[in-house]
Amino acid sequence: MSQQREAPIVITSARSGRSSDIRRREVKYLFSMGVRTACFVLAILVPGPARWVLIAAAFVLPYFAVVMANAADGRHSAGPESFQSDLPQLPGERTVT
């Protein structure tokens, strides 16, 4: 009987928990919406061409806010190199670089 062994998961490469991920997304989104609100307020107060730039930013910012807030946790690392060098190489296993 052949057993397949999986490489151990290194805690430094683990993704964050769901609640902390949701909180991170909320903070990013709320910050972006705060900037959008500031653009609207400044568009009222600032004369000239800067007004149109602020209005354009206020209309475009929600798209970028949603994209940035929904960006996944970007950890792709398999862990520090010192941990990887200590692991035994299994037959047929690819090395992570």
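Residue numbers run from 1 in the order of the sequence given. These numbers come from a predicted model, not from an experiment.
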Checklist outcome for this item: Which of L54, I55, V60 passes side-chain contact (heavy atoms from CB on, under 4.5 Å) with C39? It is L54
Next on the checklist: Tell me if the CZ atom of R23 is crowded by more than 12 foreign heavy atoms within 6.0 Å.
Outcome noted: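 No.
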Nonpolar side-chain network containing [X], other nodes, edges under 4.5 Å:
X: L30; result: none
X: V53; result: none
X: F40; result: none

Next on the checklist: Using a 3.5 Å distance criterion without hydrogens, assess whether the side chain of R36 forms a donor-acceptor pair with backbone atoms of L61.
Outcome noted: no
Next on the checklist: Quick check: closest heavy atoms across L45 and P47, and the distance to 0.1 Å?
Outcome noted: O-CD, 3.6 Å
Next on the checklist: Side-chain heavy atoms nearer than 4.5 Å, only ILVMFWY residues, links allowed to pass through others: does that put V67 and F64 together?
Outcome noted: yes
Checklist entry - With the 4.5 Å side-chain cut-off for hydrophobic clustering, are W52 and F59 part of the same group? => result yes
Next on the checklist: Using 0.5 Å steps for rounding, measure from the CZ atom of R51 to the CD1 atom of I44.
Outcome noted: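 The CZ atom of R51 sits 8.5 Å away from the CD1 atom of I44.
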